[in-house]
Amino acid sequence: MAQNTFGKLKLLKSGGSTSRVIDLLSVHECAGPLGMTSKTAMFNTKRLNTSFIVKHTLRPWEREQLSGARISATKIIIPISERNLDTGGHSIFVEDPALDEKLSSHLGVSRALPRFREDITRLRELSKLPSFDPYLLFDHFRLDKRPVSDAYFEMNERELGAISEFVAGQINLLVRRAMNSDQDGSLSKARKLASTLFEDHTSSKLDVLRLALNMSTEQYRDGVNGWKGTLYYCWRAGSCNTELSEFIASLKQLNLGQLNASDRDEYRQAMGGLARLAGQRWARVQNRLSQYHEQFSRFIKDGDGAALSQFLIMAPDMFVEMGEDMSRIQHVCASWRFWVGDRQACDLPVAEARSLLEDFDAALSLEPHAQAA
């Protein structure tokens with residue numbers, strides 16, 4: 001495992017969990033007050049429960065380690081000292097083909113130990129999520145055979161209720177239309193199906209809906225899961241747009257008068273590039289949102305079952321793409337807010353921002369084939 005991240009773990013911890021970071025160490029420190037036990041911890045292996053799990057933008061040399069085909073990966077970072085994060089940590093990509101061997105060696109546990117195998121499986125499940133937004137984690141673990149503490153989701157009941165109501169409302173519209181239940185006599189049945197779909201979309205009670213959409217069991221299962229994720233991002237889009245606007249406005253307030261003329265030009269170019277990259281990411285989100293609303297409206301208004309079936313088939317990929325774009329935008333915005341803190345942007349030490357802007361550029365950059373899409 002690589003030994004690195006000197007000085008950066010404290011930033012990860014102070015910044016807390018975001019859409020791209022799960023700060024397990026902070027959750028572990030609050031485990032007692034939050035009522036968490038070993039049975040509801042994220043992992044069986046104790047040291048993993050004090051680590052950081054990060055959606056990481058790969059550098060060119062890192063892409064080569066992972067066959068060069070991806071632009072991001074999931075990294076687990078285990079602090080050398082939980083009490084002194086300045087000492088750095090050891091890290092490994094979950095997508096590393098030798099994950100089992102390297103991690104078991106570092107932790108001093110047997111690869112054949114069932115509890116360790118469960119931890120490896122959980123890491124790989126987390127790596128498949130497009131982001132670590134609390135609701136997505138909540139929905140992922142809600143029906144898991146080995147549930148985890150609510151402490152990992154950082155959601156209050158009001159927020160969870162608002163999201164759930166929005167998602168359930170959309171599902172109810174779909175079920176009523178698919179079941180042709182505009183009449184009062186069938187409305188209660190539609191509501192029951194909608195509730196079942198929201199709570200457990202694998203239930204056999206939903207076969208009637210799957211058949212109405214003329215979908216295979218696998219298509220339906222993956223489609224509904226992707227659809228619920230897409231709905232979550234529809235719900236989050238408004239706040240994401242607000243955060244992005246505030247980030248761009250704050251960025252423009254940096255006092256470049258502290259720099260010489262050459263450095264000022266360099267910073268202006270960097271900030272302009274960031275604004276363009278963020279705009280491109282947001283444009284992709286808006287495009288996906290428009291596709292969803294168009295397909296869903298065709299079904300609700302015109303009863304076009306083929307349109308909805310087509311959307312559900314597309315939903316898993318759409319969910320991942322939207323999650324990738326929105327999580328990168330919100331991660332950049334959250335990191336910037338943490339760095340600014342209580343200071344005024346015009347009083348910030350611009351020289352400190354250099355490495356931060358470089359990280360932001362890497363996080364927001366689109367791979368060539370994505371820009372052409």
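Quick caveat, the model's predicted, so the values are computed rather than measured. Counting from 1, the numbers follow the sequence of the chain as shown.
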Using the side-chain contact (heavy atoms from CB on, under 4.5 Å) rule, take Tyr292 and Trp227 through it: C-alpha gap first, then chi angles, then the decisive distance, then the call. CA-CA 9 Å; Tyr292 165 69; Trp227 179 40; 3.3 Å; yes
Could you go through Tyr152 and Leu24, starting from their C-alpha distance and side-chain angles, then the distance that decides it, and tell me whether this counts as side-chain contact (heavy atoms from CB on, under 4.5 Å)? CA-CA 8 Å; Tyr152 293 107; Leu24 294 174; 3.4 Å; yes
Checking Val109 against Asp119 for the side-chain contact (heavy atoms from CB on, under 4.5 Å) test, could you report, in this order, the C-alpha distance in whole Å, the side-chain angles of both residues, the deciding distance, and whether it holds? CA-CA 12 Å; Val109 299; Asp119 287 344; over 6 Å; no
Test side-chain contact (heavy atoms from CB on, under 4.5 Å) on Thr45 and Leu103; report intermediate values, then the result. CA-CA 11 Å; Thr45 308; Leu103 193 57; over 6 Å; no
Do Asp133 and Ser131 pass the side-chain hydrogen bond (donor to acceptor under 3.5 Å, both in side chains) test, and can you show the C-alpha distance, the side-chain angles, and the key distance before you say yes or no? CA-CA 6 Å; Asp133 288 286; Ser131 75; 2.4 Å; yes
Let's go through Thr87 and Asn84 carefully: what are the C-alpha distance in whole Å and the side-chain angles of both, what is the deciding distance for side-chain hydrogen bond (donor to acceptor under 3.5 Å, both in side chains) to 0.1 Å, and is it a yes or a no? CA-CA 6 Å; Thr87 57; Asn84 182 12; 5.0 Å; no
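Looking at every heavy atom in both residues, Asp361 comes nearest to Leu274 through N-CD2, 3.5 Å. What you find for Ile329 and Ala278 is that their closest heavy atoms are CD1-O, 4.2 Å. In terms of heavy atoms, Ala315 sits closest to Gly223 at CB-O, 3.5 Å.
In this structure, the side-chain contact (heavy atoms from CB on, under 4.5 Å) partners of Arg264, at least two apart in sequence or on a different chain, are Leu256, Leu259, Ala261, Arg268. Residues meeting the side-chain contact (heavy atoms from CB on, under 4.5 Å) test with Glu243, sequence neighbours left out: Arg236, Ser239, Gln330, Cys333, Arg337. With sequence neighbours left out, the salt bridge (Lys or Arg N to Asp or Glu O under 4.0 Å) criterion links Arg124 to Asp100. Under the rule for a ring-ring contact (aromatic ring centres under 6.0 Å, His included), Phe52 has no partner lying at least two apart in sequence or in another chain. Residues satisfying the side-chain hydrogen bond (donor to acceptor under 3.5 Å, both in side chains) test with Tyr267, not counting sequence neighbours, are none. With sequence neighbours excluded, no residue satisfies side-chain contact (heavy atoms from CB on, under 4.5 Å) with Gln269. Remark: Thr50 engages Glu82 in a side-chain hydrogen bond (donor to acceptor under 3.5 Å, both in side chains) (not counting sequence neighbours). Ser104 pairs by the side-chain hydrogen bond (donor to acceptor under 3.5 Å, both in side chains) definition with nothing, not counting sequence neighbours. Under the rule for a side-chain contact (heavy atoms from CB on, under 4.5 Å), the partners of Glu118 that lie at least two apart in sequence or sit in another chain are Asn44, Arg146. Applying the salt bridge (Lys or Arg N to Asp or Glu O under 4.0 Å) test to Glu266 and every residue at least two apart in sequence or in another chain returns Arg354. Applying the side-chain hydrogen bond (donor to acceptor under 3.5 Å, both in side chains) criterion to Gln291, with sequence neighbours excluded, gives Arg288.
Note that the CG atom of Leu364 and the NE2 atom of His331 stand 9.5 Å from one another [nearest 0.5 Å]. Rounding to the nearest 0.5 Å gives a distance of 9.5 Å between CE of Met326 and CG of Asn241. The CD1 atom of Ile53 lies 9.5 Å from the CD1 atom of Ile78; values are rounded to the nearest 0.5 Å. Rounding to the nearest 0.5 Å gives a distance of 8.5 Å between CD1 of Ile80 and CG of Leu9. Taking OG from Ser149 and NZ from Lys39, the interatomic distance works out to 14.5 Å, rounded to the nearest 0.5 Å. One finds the CD atom of Glu125 at 12.5 Å from the OG1 atom of Thr74 (value rounded to the nearest 0.5 Å).
When atom types are taken as modelled, the side chain of Lys55 and the backbone of Glu324 share no donor-acceptor pair closer than 3.5 angstrom. A donor-acceptor pair under 3.5 Å links the side-chain atoms of Thr242 to the main chain of Gly238, judged by distance alone. Arg328 contributes a side-chain N or O that, together with a main-chain N or O of Ala363, makes up a donor-acceptor pair within less than 3.5 Å. Although no hydrogens or angles enter the test, the distance criterion places a donor-acceptor pair under 3.5 Å between the side chain of Gln219 and the main chain of Ser216. Arg122 places a side-chain N or O within donor-acceptor distance of the main-chain N or O of Met42, the cut-off being under 3.5 Å. A donor-acceptor distance shorter than 3.5 angstrom exists from the side chain of Ser297 to the backbone of His293, with no hydrogens or angles considered.
Here the side chains of Ile313 and Met215 are in contact, with some heavy-atom distance below 4.5 Å. Two residues are said to be in side-chain contact when any heavy atoms from C-beta on lie closer than 4.5 Å; Leu251 and Leu357 meet this criterion. Side chains of Leu126 and Phe141 form a contact here, defined as non-hydrogen atoms less than 4.5 Å apart. Put simply, the side chain of Val285 does not reach to within 4.5 Å of the side chain of Tyr233, judged on heavy atoms. The side-chain heavy atoms of Leu277 and Gln280, taken from C-beta on, include a pair separated by under 4.5 Å.
Ring pair His106/His90 is tilted by interplanar angle, where 30° to 60° counts as tilted. The aromatic rings of His56 and Phe93 sit tilted, their planes meeting at an angle between 30° and 60°.
In the hydrophobic clustering of this structure, Leu113 groups with Ile92; members are Ile, Leu, Val, Met, Phe, Trp, Tyr whose side-chain heavy atoms approach within less than 4.5 Å, directly or through other members.
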